[in-house]
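All chains are named by letter (A, B, ...) in the order of the sequence lines, taking the proteins before the strands, and each is independently numbered beginning at 1.
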Amino acid sequence: MEYVGLDNFFRLFQDRLFWKAILNTLLFLLVHIPLQIVVALALAYFLTQKIFIRGFFRASFFLPVVISGVVVTILWQQLYGLESGLINRILISLGLGRVEWLTNWRVAMTSIAIMATWKNVGLYVILFLVGLQTVPTSYYEAADVEGATAWQKFRYITLPAINPTIFMVVILSTIGGFSLFIEPYIMTGGGPLNSTLSAMLYIYKQAFEYYHMGYSATLGLFFALLIMVVVVVQKYTIEKEDI
Amino acid sequence: MKPSKIILFILLTGAALSFLYPFYWMILASLTPESQIGELRVAPKELTFSNYALMFSKIPIWRSLLNSTIVASASTLGVLIFGSMTGYALAKLRFKGRDLLFFVIIFTMTLPFQISLIPNYILMVKFGWVDTMAALIVPALNNAFAILMFRQTFKSIPDDLIDAARVDGCGEMRIIYQILWPNIIPTIITVAIITFMSSWNDVLWPLIVIRNEHLMTMPQLVTLFAVGGRAEAQLGVKLASAVLLALPIIIAYSIFQKYFIQSMASTGLKS
């Protein structure tokens, strides 16, 4: 083994494709996390109501969570199909135009983020459900006496009470999102125009397509440090935020 | 029923459909002739197994099913046996450096896996384990999450039970597996489900250490089949392989649904 000092790090800072891959991954998180929180919170809130076959709903939201990402990706690759894809056929029959889900470089990463949300949201529904059940009902009763609106109740009672759950969901989906790999690997191979090249996919390609093991290990180390910094920053901003 | 309840019910039904219908569609499409998949909505005009037949002739899918079963079962068994040993030692035995050891284990949990992926691969190369089952099973025989789960559960068990067993002449192994295990069934189920599922669904690690088609796990084989040219851009065949990959988990999930949800939710809450 040859000792190369910091050469790999200098190379990393000049590697424009690596920085693009990091930006792509951050873009993915930017769509994925807010979408995930809103959808999971809404579904969890619906499920707190007493409603017929609630267990069935919960179980069906959770189904994609247990199924392999490989299956979900192969399935969604078809759903996103340009001509015969199910989603475009529905859009066209509704009189809306078709969308270039995977072939337009501006859209492709968002499409993958939507799919990832669909796959994981069931887990976060359950976590929010647990969080929502810890809010004492007496708070809502008191708010009713004061004449609070539904939005006020949500904003001033529910949201502060589930802040720890939101924090957990953000951290978990950040860590999960940073390891985005198999979805672009199967669906787009990183294209079009490298727009869905995630950092993890790039690290994999460096090691196992170009056989740059040492460089790939450097990228992995740097990327892991970046993940830790992002998570720590998130931790402090969310904990400070007294909503 | 109040009107608001009805709206809520419709919303939930719509959401449930958007999660279930794609899977239903996938199973049907895998049974539909290629030329008719494009029009498929609710029920196919004719059913065929030709997609499956074509897939069987192209890839050793049964072999990969066997491989996946071996790998997932072996690592689950390993994690239960070694994880509870480690967890027990950290919870109930006193020895020098115990807290430091526990701290190190927790610390490895907080490290992103990206940091160790390539070094782990190089380790496998040095061991000569690339393209062997050992590369898939041995590194998965214990993990920090299981150790943590077992440690927390063992901590909640009173020392009196263990002391009484010692007085009766039980060794540490018998204490763990015969005295303590029957008391921690929920933890065992949780650890088993999480380990089995993450092993069954893992695809990155197999992609890295296995190249021989006959040693590949099922998700790996299906991935390479879908990405490489061998499915010949035939959608039905790709979907058939995806259905076969999903089926064992769908069956297990429909039977043990409650345990799956509880286990996965508890891991989220723990971390």
Side-chain angles (χ1 to χ4, degrees), chain A residues 43 46-47 49 51-52 54 56-71 73-79 81 83-84 86 118 122-124 126-127 129-130 168-169 171-172 175 178-179 181-182 185-186 189 199-200 203-204 207-208 213 216-217 220-221 223-225 227-228, chain B residues 1 5 8-9 11-13 15-20 22-23 25-26 29 37-39 41 110-119 121-122 197 200-201 203-204 207-208 218-220 222-223 226-227 235 238-239 241-243 245-246 249-250 252-254 257-258 260-261 264-265 268-269 271:
Chain A
L43 291 177
F46 295 159
L47 284 180
Q49 313 294 311
I51 197 132
F52 181 58
R54 190 166 62 171
F56 166 77
F57 288 131
R58 201 181 59 158
S60 60
F61 301 161
F62 202 79
L63 179 64
V65 178
V66 299
I67 287 185
S68 159
V70 174
V71 174
T73 310
I74 293 177
L75 173 57
W76 274 73
Q77 197 177 22
Q78 200 293 321
L79 298 184
E83 299 292 336
S84 59
L86 210 57
W118 182 86
L123 177 62
Y124 300 106
I126 305 292
L127 296 185
L129 213 60
V130 175
M168 194 166 64
V169 171
I171 299 291
L172 284 178
I175 295 172
F178 272 126
S179 37
F181 165 74
I182 197 67
Y185 181 83
I186 294 178
M200 209 45 232
I203 293 172
Y204 174 85
F208 301 101
M213 283 298 159
S216 175
L221 175 65
F223 187 49
L225 292 175
I227 296 173
M228 288 196 278
Chain B
M1 240 201 292
K5 277 272 160 77
L8 199 65
F9 190 76
L11 277 173
L12 282 169
T13 309
L17 268 180
S18 74
F19 287 101
L20 295 179
F23 288 117
W25 179 91
M26 174 174 78
I37 292 178
E39 293 107 59
R41 285 203 178 177
T110 62
L111 286 178
F113 77 92
Q114 284 86 346
I115 212 166
S116 53
L117 188 69
I118 303 295
Y121 167 71
I122 292 170
M197 259 193 46
W200 185 271
N201 288 341
V203 58
L204 179 56
L207 273 177
I208 289 175
M218 211 171 171
Q220 180 189 11
V222 170
T223 299
V227 173
L235 189 58
K238 269 195 222 177
L239 290 172
S241 68
V243 168
L245 173 58
I249 295 282
I250 292 185
Y253 177 66
S254 36
Q257 184 237 102
K258 209 180 79 191
F260 270 84
I261 296 181
M264 305 267 308
L269 296 173
S271 53

Measure from the side-chain N and O atoms of B:Asn201 to the backbone N and O of A:Gly69, and report whether any donor-acceptor pair falls under 3.5 Å.
->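 No, the answer is negative, given that no donor and acceptor are paired below the 3.5 Å cut-off.
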Taking the side chain from B:Tyr253 and the backbone from A:Ala59, do they hold a donor-acceptor pair closer than 3.5 Å?
->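 Yes; at least one donor-acceptor contact below 3.5 Å.
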Please examine the side chains of [Y] and [X], heavy atoms only from C-beta on, and report whether any two atoms are closer than 4.5 Å.
X        : Y        : value
B:Leu204 : A:Ile182 : no
B:Lys238 : A:Gln77  : yes
B:Leu12  : A:Phe61  : yes
A:Tyr204 : B:Leu207 : yes
B:Val203 : A:Tyr185 : no

Portion of [X] that has a non-hydrogen atom of chain A nearer than 4.5 angstrom:
X        : value
B:Ser254 : neither
B:Ile115 : both
B:Phe23  : both
B:Leu20  : side chain
B:Trp200 : neither

For the student: nearest non-hydrogen atoms of [X] and [Y], plus distance:
X        : Y        : value
B:Ala226 : A:Ile74  : CB-CD1, 3.7 Å
A:Ile126 : B:Ile261 : CD1-CG2, 3.5 Å
B:Pro22  : A:Leu75  : O-CD1, 3.5 Å
B:Ala16  : A:Ser60  : CB-OG, 3.4 Å
B:Gln114 : A:Phe178 : NE2-O, 3.4 Å
A:Met213 : B:Ile118 : O-CG2, 3.7 Å

Find the one option among [options] whose heavy-atom pairs under 4.5 Å with chain B are most numerous.
options                     : answer
A:Phe62, A:Trp76, A:Tyr124  : A:Phe62
A:Leu86, A:Ile175, A:Leu225 : A:Leu86
A:Val66, A:Val70, A:Leu63   : A:Val66

Where does [X] contact chain B at under 4.5 Å (heavy atoms): side chain, backbone, both or neither?
X        : result
A:Phe223 : side chain
A:Thr73  : neither
A:Phe208 : side chain

For ring pair (Phe, Tyr, Trp, His ring centres under 6.0 Å), just list the numbers for B:Phe19 and A:Phe57, CA-CA rounded to whole Å, side-chain angles, deciding distance to a tenth of an Å, and then say yes or no.
-> CA-CA 10 Å; B:Phe19 287 101; A:Phe57 288 131; over 10 Å; no
So how far is it from B:Ile249 CD1 to A:Ile67 CD1, rounded to the nearest 0.5 Å?
->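 Going from CD1 on B:Ile249 over to CD1 on A:Ile67, the span is 8.0 Å.
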Once you round to the nearest 0.5 Å, how far does CD of B:Gln257 lie from CZ of A:Phe56?
->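 With rounding to 0.5 Å, CD (B:Gln257) is 10.0 Å from CZ (A:Phe56).
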Please determine, among B:Thr110, B:Ile208, B:Ile37, B:Leu117, the option with the most heavy-atom pairs under 4.5 Å with chain A.
->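 Top count of heavy-atom pairs under 4.5 Å with chain A: B:Ile208.
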